[in-house]
There are 2 protein chains.
Amino acid sequence: MSSIRPTIKDVALASGVTAGTVSRALRGDPRVIETTRRRIMEAAERLEYRPNLQARALQTGHTGALGLTCPSGPWILMHPYFAPMHAGVTSAASKDGVRVLLYMPAGEGKLELDRSNLQARELLDGRVDGGIIYQAQTLSPGVLEGLQKMGVAVVLMNTDEEIPGFFQVQSNTEQRLRESLRWAHELGARRIGVLGLSAGTPFNDVAWRGLESARLPVSVNYRAVEADDVYQEQAVRAAVDSLMEGKPEALIFNSEIHLGQHLARAGQAPGGPMLFGHGGIHTDSSLSYPGVHYVETDLWAAGVQAYLMFKDALQRKPPRSERLLWSRRPETPKG
Amino acid sequence: MSSIRPTIKDVALASGVTAGTVSRALRGDPRVIETTRRRIMEAAERLEYRPNLQARALQTGHTGALGLTCPSGPWILMHPYFAPMHAGVTSAASKDGVRVLLYMPAGEGKLELDRSNLQARELLDGRVDGGIIYQAQTLSPGVLEGLQKMGVAVVLMNTDEEIPGFFQVQSNTEQRLRESLRWAHELGARRIGVLGLSAGTPFNDVAWRGLESARLPVSVNYRAVEADDVYQEQAVRAAVDSLMEGKPEALIFNSEIHLGQHLARAGQAPGGPMLFGHGGIHTDSSLSYPGVHYVETDLWAAGVQAYLMFKDALQRKPPRSERLLWSRRPETPKG
DNA sequence: CTGAAAGCGCTTACAG
DNA sequence: CTGAAAGCGCTTACAG
């Protein structure tokens with residue numbers, strides 16, 4: 001299906017030169033003389049010529065694009081924790097003229113490991129120079145090594161455990177949980193409920209490790225809600241109710257998604273527990289609840305960092321791993 | 001820079017046939033006989049061959065990708081109103097094996113018209129079969145027509161005003177404002193404050209039209225915050241304060257972004273006004289404030305719809321325009 | 001300073 | 001049923 005779009009040949013014809021010269025002129029090769037250069041530019045403008053970047057990539061071997069892939073579905077695009085990361089990646093990439101291609105599975109909800117692995121291998125489709133992979137801990141190591149071997153630049157995003165040999169932006173799950181517990185303790189809480197929402201990653205193990213490492217004389221009641229249940233209103237409600245039965249003085253939760261109404265109910269009742277959540281700076285303050293103490297992370301910055309690592313990976317610099325940073329944001333008064 | 005990745009030639013060599021046959025086998029052409037087909041498949045698997053989709057696209061003329069473009073910056077990717085639309089588009093596209101390429105400007109904040117126009121023209125770079133364009137009302141008509149003329153399928157997303165001759169998913173701004181006012185009136189409010197946050201689009205005009213069309217015996221105090229100020233905490237705070245001075249019985253706002261804390265302050269005080277916001281169904285209930293009445297829109301569904309229109313546009317069906325639907329979601333109790 | 005030619009990795013009539 | 005060839009729209013040594 002030949003389209004109406006002018007090609008480099010059309011421009012060549014219109015300006016009485018050959019395609020090679022047009023190419024050189026367009027790319028700013030100093031060898032083409034000013035007068036022909038101008039002639040070519042005018043023709044290109046008149047014809048509204050735009051170079052076909054696929055064809056160019058086929059020749060040059062780099063596409064100027066990176067893939068963003070996540071095994072667990074397009075919902076991640078609207079997730080208040082992840083969306084700012086994507087925005088950060090995309091913003092940083094745009095500044096270099098690099099485009100972002102989304103490799104999202106068609107599936108709606110839960111993680112399917114086989115599909116995840118296939119998904120990641122799509123980064124080999126030649127449309128991108130590499131990619132940033134979320135939830136890489138769910139992929140088999142062979143797949144990741146395979147990608148590297150095939151020459152795609154890969155950055156692992158938000159992994160809980162370190163995967164040696166790769167660029168990665170590591171999550172601060174462990175730190176955040178420890179910090180939340182410390183903060184609650186500082187404010188006087190001794191009976192503390194923790195609600196952990198896992199999205200198919202080994203979140204709960206890591207979270208628990210964080211809590212233990214605080215080594216504080218408090219009684220902790222941990223309730224996990226597993227990936228498959230996250231989307232079930234019932235399961236979340238039951239977990240919150242069960243925690244509340246212990247009459248906690250503080251309630252720590254790792255995600256306000258799917259939790260909002262329950263937390264509002266639990267926390268805003270007079271004499272209810274203090275609430276500790278894990279916000280993101282760039283999710284904007286309006287997305288946080290008044291009355292919640294946030295241990296927050298600059299997620300946009302994390303995205304920018306991932307992109308910078310991607311550039312390093314392209315240049316085959318030695319891989320490195322950096323952990324996200326958190327900070328405390330005191331509760332906003334309720335009334 | 002030749003990479004390590006095997007090409008169709010390598011597979012051909014390894015299975016003792018020619019590239020053409022490999023191509024046919026891989027694409028499932030029934031003319032290749034079962035035994036050679038199997039031989040080819042095995043070789044492909046063994047070499048971990050993946051077809052180069054750019055090269056394929058160069059031949060076939062379609063890329064299996066669509067561009068998502070927005071003139072006003074990557075922040076839209078994390079915006080609770082738009083993010084679910086992107087997710088919907090991406091989800092629907094994924095089911096067809098169609099990938100989404102993000103064309104976001106590098107700019108941080110405000111809309112620059114010239115750049116917007118350039119931005120849209122990037123859909124001509126040959127990497128996509130067409131695109132979905134947000135905030136198309138900020139583009140010059142010539143640009144849109146140019147895209148069409150060049151054979152790219154275009155869908156306009158969330159325009160306030162109809163642009164004839166194009167596929168478009170129209171915003172329901174006008175309806176939402178009218179509905180909010182009616183709802184407030186039904187619940188007994190007679191003194192009503194309205195805060196309009198415009199993101200560089202002619203939002204305020206449309207919103208005002210919606211309010212007027214309700215034709216209700218209420219006194220409306222409208223305060224606009226313009227695009228440039230949206231990111232300024234000060235401007236928003238001042239606007240809210242100014243509205244509150246009128247002692248409104250209801251407060252209508254079109255976006256809770258940048259507003260959260262101010263609204264919490266205004267609305268949750270005892271005897272404060274009723275609050276009416278414009279939520280999105282798939283932004284998840286946790287993103288909404290307790291105590292707010294929402295006139296909500298299924299934004300994910302809007303994204304899916306945009307993708308379906310994109311398919312129609314590809315097939316050159318006659319363009320059509322559909323308006324988003326809203327529904328009422330009663331307030332969630334605060335305590 | 002510019003042209004002619006080869007090639008990037010595919011697909012697809014056209015022969016045989 | 002498969003091979004040989006041309007071509008998609010570019011780029012880039014290599015000549016001249």
Side-chain angles (χ1 to χ4, degrees), chain A residues 1-41 43-44 47-65 124-129 150-151, chain B residues 1-41 43-44 47-65 124-129 150-151:
Chain A
M1 174 173 285
S2 82
S3 106
I4 322 88
R5 307 186 204 176
T7 74
I8 201 169
K9 262 187 188 160
D10 298 315
V11 179
L13 221 62
S15 48
V17 292
T18 187
T21 307
V22 175
S23 173
R24 282 184 284 256
L26 259 32
R27 316 207 71 194
D29 189 316
R31 286 174 300 181
V32 343
I33 204 174
E34 187 52 30
T35 75
T36 54
R37 153 184 224 74
R38 206 192 316 274
R39 198 147 36 93
I40 290 170
M41 291 316 221
L47 298 178
E48 304 190 48
Y49 169 74
R50 307 227 81 197
N52 182 324
L53 264 34
Q54 307 225 65
R56 177 178 289 175
L58 195 54
Q59 257 297 340
T60 64
H62 36 254
T63 63
L124 288 163
D125 70 12
R127 295 198 272 203
V128 294
D129 299 323
M150 290 290 197
Chain B
M1 173 174 284
S2 83
S3 108
I4 321 89
R5 307 187 203 176
T7 74
I8 203 169
K9 262 186 189 161
D10 298 314
V11 179
L13 221 63
S15 49
V17 292
T18 188
T21 308
V22 173
S23 174
R24 281 184 285 255
L26 258 32
R27 317 207 71 193
D29 189 315
R31 285 174 301 180
V32 344
I33 205 173
E34 185 54 29
T35 76
T36 55
R37 154 184 222 75
R38 206 190 318 272
R39 200 148 33 93
I40 290 170
M41 290 318 220
L47 298 178
E48 305 191 45
Y49 169 73
R50 304 228 84 197
N52 181 324
L53 264 32
Q54 308 224 67
R56 177 178 289 176
L58 196 53
Q59 257 299 340
T60 63
H62 36 253
T63 63
L124 288 163
D125 70 11
R127 296 198 271 202
V128 293
D129 299 324
M150 289 292 196

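Just so it is clear, the values below take in all heavy atoms, side chains as well, and ignore hydrogens, waters and symmetry mates. The sequence lines fix the lettering, A, B, ..., with proteins before strands; numbering per chain opens at 1.
- In this model, the phosphate group of D:dT2 is approached by a side-chain N or O of B:T36 to a distance below 4.0 Å at OP1 or OP2.
- Rounded to an integer number of Å, the gap from CG of B:L58 to C1' of D:dC8 is 4 Å.
- Rounded to a whole Å, the CD1 atom of A:I4 is 12 Å from the P atom of D:dG9.
- With respect to the salt-bridge test (charged N to carboxylate O, under 4.0 angstrom), the residues B:D29 and B:R27 do not qualify.
- One N or O on the side chain of A:Q54 and one on the backbone of B:G126 form a donor-acceptor pair closer than 3.5 Å.
- Looking only at side-chain heavy atoms (C-beta outward), B:L26 and B:M41 come within less than 4.5 Å of each other.
- Counting only distance, with no hydrogens or angles, the side chain of B:R50 and the backbone of B:R5 share no donor-acceptor pair below 3.5 Å.
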- For every nucleotide of nucleotides 10-16 of chain D, 5' to 3': is a protein heavy atom under 4.0 Å from its base (B), only from its sugar-phosphate (S), or from neither (-)? BBBB---
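- Look at C:dC1: its Watson-Crick or wobble partner, with both distances under 3.5 angstrom, is D:dG16.
- Looking at heavy atoms from C-beta onward, B:T35 lies out of side-chain contact with B:R38 at the 4.5 angstrom threshold.
- Distance, B:R127 CZ to D:dG9 C1': 15 Å, rounded to whole Å.
- Taking the side chain as every heavy atom from C-beta outward, A:N52 and A:T7 never approach each other to under 4.5 Å.
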